[in-house]
Structures are given as C-alpha cells and as structure tokens.
Q: 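Could you have a look at this structure, given as structure tokens, before my questions?
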Amino acid sequence: MKEKYFPQEIEQKWQRRWADEKTFEVKEDPGRPEFYCLEMLAYTSGRAHIGHVSNYSIGDALAWYKRMRGFNVLHPFGWDAFGQPAETAAIKDGTDPEAFTRSAIATMKSQLQRMGISYDWSREIATCDPEYYKWNQWFFIRMFERGMLYRKLSPVNWCPKEDISLSNEQASGGVCWRCGTPVIQKELMQWFARITDYADQLLEGLDQLEGKWPDRVIAMQRNWIGKSRGAHVRFEIADTIDSVTVFTTRIDTIFGTNAIILAPEHPLLAKIVEGKVQHDEVLAFADELKREKRGGVQTEEQEKKGMFTGGYAINPFNRERLPIWIANFVLMEYGTGAIMAVPSGDERDFEFSRKYAIPFRQIKLTADGREIPPDEMQEADESWTITVNSGQWSGLASEEANRLMTEYAEANGFGQGAITYKLRDWGISRQRYWGTPVPMIHCPTDGIVPVPDDQLPVVLPKGVNLAVSGGSPLDHVPEYVNTTCPKCGGPALRDTDTMDTFVDSNWYYHRYCDPHNDAQPFDAAKVAYWLPVDQYIGGIEHAVMHLIYTRYWNRVMRDFGLVQFDEPVTRLLTQGMIVKESYRCPEHEWLFPEEVTADKTCKFCGRPVQIGRLEKMSKSKKNAVDPIEMINIHGADALRLFVLFAGPPEKDKEWSDSGFDGAARYLQRVWRIAYKWQSRIVGASSDGGEPLSDLKDYQRQLRRRVHQIVRAITENFEERLHLNTCISSLMELTNEIYAFDQAVEKSGEVTAADVAVAREAFEALIRMLAPFAPHISEELRESFGHQESLAFARWPEFDAELAREEQIEVAVQVNGKLRSRLFTSAEASDDELRQAALADEKVTAATAGKDVVKVIVIPRKLVNVVVK
RNA sequence: GCGAAAGUGGCGGAACCGGUAGACGCGCGGGUCUUAGAAGCCCGUACCGAAAGGUGUGGGGGUUCGAGUCCCCCCUUUCGCACCA
C-alpha cells in the first residue's frame, strides 16, 4: 500500500479490472432475489455534464448496496440516440446525424466510464441501432393491427426554428420545449396512439404508486390526465333541427345559463350563421381568433373576446332562449368545444358576461344563506351550496341537484352523465429524418399496409440531404419512398414519417433484460425475472411525458401478453439539479467566477455584478462545472462523494469548490489512517482470533460506534435513501477511528485487542464506503488482504447488543425548559431517573418555593419536572 | 388562480414516532508540528452577555408537561399546470 492516495492511479486500475473481470455483468438467477436499479438513459448531447454525475452516483450507491446485500443487481446503461438536436447539429456541421451521434456516444461513454459506475456494459443499447428500433416498428405494426393507432389530419405544433413538429406536451406553453421558440400550427396527416383509451387505467394505477413515487409527480400526472365527471347536455338550436352539445361539471347551475358559447373552430358555426346578418362578420372574427391562437404566445391569460352569432339555443330545462356566441376562451380540444355560460357560478363566464353586458340570473345561495342580486355580484360563486331559481330543483344542495338533474336529462333524452379528460391522444409521428422510420406503405389499391415482419427493420437510409425545407427529408429520397405494396405487389409509397423519440424510451429498460434478442423484442421470462424496475432515478423534467408514455406502453405490452404487470416502475426518485451562482455584468454579460472581484464587481469595468440566484448550470451562463475537469483534479470518488454529500438526492444541490476539496480531503484522511493501521492488521491476520472481550473503554467505544453506524447507514439505505447523511455517518466513523488511534498512541503500545478492534472498524468502514467511493474502497480492501472484489463482499451486519450505549446523558427539564443533564447508566430505572433529577442542584434551584405537580420520565431520554 | 414542495447558524445541511436544535462538512478562530510555510493532527465556533443567565428553527395564534416537528391564519421562495367549462 502506498503512503499517499493517488486517485487517478487507483481509479484507472479498478476500472480496468472491473471491465476485464466482467465484475458487474449479471445473468438471471432464479435462486437469488433480483434488484433492478435503473437510471434514465442518456441523451446523446455529446458531453457528460454534472447532472449525469449526480444521477448515476445516486443509482450506483444503491446498486452497490443492494449487491452487497446479496441481491442479483441489474444495473444497465444506454443511449437515447435519436432526435432533433443531432439532426440540427449535423446540418450545421455538414455531417450526418449518425456520425454525430456515434461520436457523441463514444465521447460520453469514455467520460462516463471515468466515473466508474458499476454498469453491466454488455447490455448497452443505443436507440438508433436498427437492432433496437426494429422493435419500435414491430410494436407500431402490432398496435396498428389492433386499432391502437390511427391517422388523422391535424393541426400540429410546429417549431419554425427547428422545422419540426412537436407534440402538445413538447409545445406546452406555446413554445418549443427545447429552444423556446413560439410555436405555430400546421395541418398535417399524423399518426396517433390511442392513449386516451388507457386514461382511466393510467389514473387508477397512480394509486398504487402513492408513497413510492414523489407526490408531485403523481399530482402532475393526475393533473395531466385531468379527469372530470359531469354531463353532456344537448341544446336545440332555435328554428332549426340542429342541436349543440355542451359539457358541464355543474349541471346544477343550468338555470343560470345566459348564453351558449362555441369555440371559434366549432363545426356548427357555419350552419348557425348561415343566412344571418352577422354571417360575414362572425366568420371573419372566428378566423381572427383562430389566427391569434396559432401565432399567440399562450403563456399569459388573454383577454376574453367574443361575438354574438345571431343564433339562439333553447335551454332544455326551462325552454329559455339563449344567445349563441363564439369566444376565444372556449377550447375546441376540450369537452365538446361548446359551453353553457353561467356567470353566477363561473368566474370566466362572469367576466365574459360583464364585458358584453349579457344579463344573467342568480342560482346559488351564499354559504350564509343569502341571495346576491346579479347586479351586486363582484365575482362568481363557484362553491357547492344551495340551488335557487331552478324550478323543481330549487332548495337542493348542489351535489344532489347535480345528480338529480343529470338523471332528469337522461330520462328526457337531452343529456347524459359524461367523463372528460384533458389527456389527448399521443401524436407519435414526426416529419424528420433522425428517428425510427414508420414501417408503413401507402398503396393506391390497398391503402395503408404494414411492412411485413420479415422485412423489418425498415432501415433509415444513409446520406440523406437534411437541409430541405418543409416536409420530411425522407420525402426527397426516391429510392426510399418508392417501393412495392406487400399485398398487391404494385407500386406504392413508403410512409416518410419517423417516430417521436418518446417511443424509443418507452421500453428500453425491458430491452436491457434481453438486449441482443433478434427474434422478439425480449424474452418474456427474462423480463418477468427482472421487472418491474425496483428503483428508477432521473430528472423531474420527465415527470409527465416519459413517465406517462412508458406506463401506457407497458400496459400495451401487457395487453399483448408480453408482460404480466401494470406498473413498470415500483419506486421513482427524481433527483435535484446541481446548481451554482451565476454572475452578470451590465456591460459584459455573463462572467466566469474568476472574472468577478472579491467585492463582486466586474473585473473588466468595475461595475457591480448581479448575482444570479442559484441556477441550473449552463455553458451560456458560465456557471457550468465540467465533471471531467473535476475528475482530473481530485478523482471520480471525490466527485461522486461530493455530489451525494451536498444534500438529499431529491433536492437541488449547490456546487461548491471548497466542498469538493473537502470531499477529497476526507478520502485522504481515510487513506492516511488506513495506511497507518494496514500493516498491523494484515500482519496480525495470520494468527487470527484476537480477543474482542474484556476491552478497555476506548476500544469498547469504537466497537460500539461501528455497530451504531452500521445500523444507521443500513436503515438509511432501506428506508430513506438520504445518502448525504450516510456519508456524514461514515465521516463520524472515521473521526471515531482517529480518536481511537489517539488513545492507542497515548497507551504507548499496540495490543492484539487494539488490532482486532481496528480490523473490525476498517472492514466496516471500507465496505460501507464502497457505494460512495468504490475505487478507493476496492484499493483499501485489497491492501487489507482480500483477493476478491468488494462487489462480492457482504454488507456488514450490526449487533444491537454491541451498539447499545452503556452511559447515557439524560436531559432534565423544568416546565419543559432544559436545566440540567444527568449522566447515568443506560439501565437506570424511571424511578432512579426521577430521584436523580429531583436531587439535581440546578433543578432544586429552579423549583425552589414551588410545588412539584408531576414528573414525566421518558426512559433513556429526558426527565421533565412540572412545577407550579 | 389551482396543485406540489420548502423556509433552521456566516454557508451546504442534520434532527426519522412531538422529547437535549444545529450531527457531518465548508468557512472562520486558536493550538501543535516546522527554520518557515503548506499539508496533517488537536481544540473551539447559533446569537446576546464579563458572568449568572437569556434568546433562538419565516411571522402570529393554538394544542401539549414539552413543538423545528401537530392544528389554524398569514408572509416569502421554488417548481408544475394554467381560460380544461
């Protein structure tokens, strides 16, 4: 063992050895319990960043722990390799996306390997491999055959900057999720997956994830699915045979309806205005609203705008004539695209009616039983109180009125209970090159025909000119487009769309279980062994899209008989970001920290800099920390230790250079004390059997702390995964060893018992350090005379008896205020504690002249003397 | 507006079931070693106070022998959704 710790040297040594000995490669073994530890696959951006370090350090700590606990741990890695950025980069560099992506993978892989994460690299996949995306195509065809996919002309969100279609989710907020450019709409034929058929299942499944997934992820998914119970109500259109149906969750307020309002896109609009004086004006207005919606950045609530169409509808409950309007705030995508406006019961309707002076009536009592006249209302009352002015339903509580009025509508044939979701079908096609080709053929005779299975994969052609505007680059590749129909053999055209990359990430972790299977997506038995994923770790940004789509896809696979379970991920941890301050000069924009003086002014111009709140790291803000540079400074172990120690895994953590130094310093400290004891322990190991009884105080103290800390760290891994406090505990143990070492120094000799106690402590320390800093742990373990990798070592066990304190400190309170402390034997009885507390002079001083009302004794913790 | 989370020393954070607030680390101060420095090792470090003692977990109430922890009201911050009828 070397006297000094050289992280670069030992990290390289162990990374090579793990690879050579295939230490982390695993096979199914029905005799052993399995644990599937999964980190989200990496997008092939080209560089590893600190977020990767954080994500994989968390996962690796758990993988190491579970492995040492005897689990057969599957811990794989792969690449999310398709997608727009590679295509954009390729266009810019004049290369092709495949070359760009392959080189990004090579770079990132070599970077990530320097972190020494315990991956089974034999299972590595990249989603751009034809061997992988072949099965995307296979799934696509199976889903098409079962009617789970369909095509429709639909306005797609289009990012004008990246020239790509976006899903609703990717365009949420009206801007491109990647580049922030305002989104425009374009009408295109699109492929959709009927995820809405699974809305209820996806919602119900969330119940079983409660407590195992973060609350906010569950809340976001519930909100995204957006289930509402209500009713469809059909309103006849006056003087016609037509009717318009609205969706409402508050049929109990229907007597307060003062208008029917349609979305500008509503299909009945043309008919309603036909022959009316308003015809031209209304249609022009509708067009304007549609245009605004298209171009508008919808981040802020817009002012409500509407126009009367000239038509009237009949309220089926009271035959009242209601004007039909159109307005910008009614969405065609939700419900039926038409609403009944109830100003007294809905804030939006109230605002709208006030703006256009549409009269209305009150239909609710306030909570204290008053009826506020419409003219005096300041706002709508959306509460569920008592119904008034509502015919035979007046005087009922809202809930009951709602139920009875729905029944009435059903009985009279003008309405029925209905459930509506916010969730939309998932548009899965993209008009881009770098993705899985849609395996479909358009035949003039036979229509849409899937590519036969034996012709899969449909391979993405190489050497395609990407810099075409409009449509897909594949449209411009005749040898790809022109094919023959598998049914009739006649000339036909290939579908030139590619799939949304979320398809790729839906089932990659199933594929890890059987990554080289060329006969099927995976062997069901292998997946049955490993899945569900026991612990999934990734960024919160995937809370909705990825994690809903993959839950959906798993259910589709279940319905194909490929898997037997509903929820593919048992536990989810969303890790926080690593953040750092950023500095901005009014003159010189973003500054590197070294360009800022000590008194926070700009080095170039002397102006005071604005200090950005702790922000996500980015190159442009000059606050990024490059993991490879950090590894070059102190090594991967120190980097991993730092990111885990900075805070609990799910919280954002602040980067600190001195904290990083501290992590490295801690490892050096471990090394130094291990070096000092190593030869004593290794030398003594041959005779073995040193006495562990009749120990001196300082020896018992170390043993006790070892067992206490093993217990604390073990429980933490099992229950909370607060890895930062595990590391604190390891530091405490190390401090304890130093204190022990000092005591040994003081005693003037090193006894066999000292060596035995030290051996136990080092064995525990080294094994428990492995999940956080595996390289140094392996090296130390080897130095302490073990041949086998720590990966095959067992996690230390604790002995509750040994962990027990002999002497304890008991707090003594008077009326809940701390007054004194007692040092007593851990076995002291309640009564002994009570007596000792009452005899304490600080207590007698504080209670002098008062009556002791009662004495509360919490065994081994505290005595509270209550006086009056 | 709706939903979720969070507010604790100079800083990152501990305190898991209501029971000694501030573990561990950073920073800072002191000591030791050294020709000197660095590193290491040791000690100290919530605030006020010379001390006795007092005050302290965003603010205000409450429950309790006892509240960072539970309940009510309010403030602030972050994140997500946002005209979803």
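By convention in this document, chain letters (A, B, ...) are assigned in the order of the sequence lines, proteins followed by strands, and residues within each chain are numbered from 1.
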Q: Assign A:Ser658 to base, sugar-phosphate, or nothing according to its heavy-atom contacts below 4.0 angstrom with the strands shown.
A: sugar-phosphate
Q: Classify the nucleic acid contact of A:Val810 as base, sugar-phosphate or nothing, counting any heavy atom under 4.0 Å across all strands shown.
A: nothing
Q: Using the C1' atom as the reference point in each nucleotide, state the distance between B:G68 and B:A6 in Å, no decimals.
A: 13 Å
Q: When the C1' atoms of B:A51 and B:C43 are compared, how many Å lie between them, rounded to an integer?
A: 23 Å
Q: What nucleic acid atoms does A:Glu732 come within less than 4.0 Å of, heavy atoms only: base, sugar-phosphate, or nothing?
A: sugar-phosphate
Q: Output the single nucleotide from B:A23, B:G19, B:C81 whose closest atom is nearest the side chain of A:Gln813.
A: B:G19
Q: Considering only B:C42, B:G19, B:G13, which nucleotide approaches the side chain of A:Asn864 most closely?
A: B:G19
Q: Check whether any side-chain heavy atom of A:Ile548 sits under 4.5 Å from a side-chain heavy atom of A:Ile225, and report yes or no.
A: yes
Q: Any idea which of B:C65, B:C24, B:G19 is nearest the A:Asn735 side chain?
A: B:C24
Q: Assess, by modelled atom type and distance only, whether the side chains of A:Asp831 and A:Ser829 contain a donor and an acceptor separated by less than 3.5 Å.
A: no
Q: Closest approach to the side chain of A:Leu862, judged atom by atom: which nucleotide of B:C42, B:G12, B:G19 is it?
A: B:G19
Q: Will you find, in the side chains of A:Gln701 and A:Arg704, an N or O donor that is under 3.5 Å from an N or O acceptor?
A: yes
Q: Can you check whether any acceptor in the base of B:C65 is under 3.5 Å from a donor in the side chain of A:Lys854, or vice versa?
A: no
Q: Describe the nucleic acid contact of A:Tyr421 in one word from base, sugar-phosphate, nothing, applying a heavy-atom distance below 4.0 Å.
A: nothing
Q: Which nucleotide sits closest to the side chain of A:Ala219: B:A85, B:C41, B:A4?
A: B:A4
Q: Could you please name the option among B:G13, B:C41, B:C81 that lies closest to any side-chain atom of A:Asn223?
A: B:C81
Q: Which nucleotide wins on minimum distance to the side chain of A:His722, given the candidates B:A14, B:A85, B:C16?
A: B:A14
Q: Name the closest nucleotide to the A:Arg720 side chain, picking from B:C26, B:C24, B:A15.
A: B:A15
Q: How long is the line joining NZ of A:Lys817 and P of B:G53, in whole Å?
A: 13 Å
Q: Of the candidate nucleotides B:C81, B:G19, B:G13, which contains the atom at the shortest distance from the side chain of A:Trp224?
A: B:C81
Q: Just by distance, with hydrogens left out, do A:Trp384 and A:Asp252 show a side-chain donor and acceptor under 3.5 Å apart?
A: no
Q: Check every strand shown and say whether A:Pro214 touches a base, only sugar-phosphate, or nothing at a heavy-atom separation below 4.0 Å.
A: nothing
Q: Which nucleotide in the list B:A14, B:G25, B:A21 gets nearest to the side chain of A:Phe645?
A: B:G25
Q: Kindly confirm or rule out a cation-pi arrangement of A:Lys304 over A:Phe352, judged by NZ or CZ under 6.0 Å from the six-membered ring centre and within 45° of its axis?
A: no
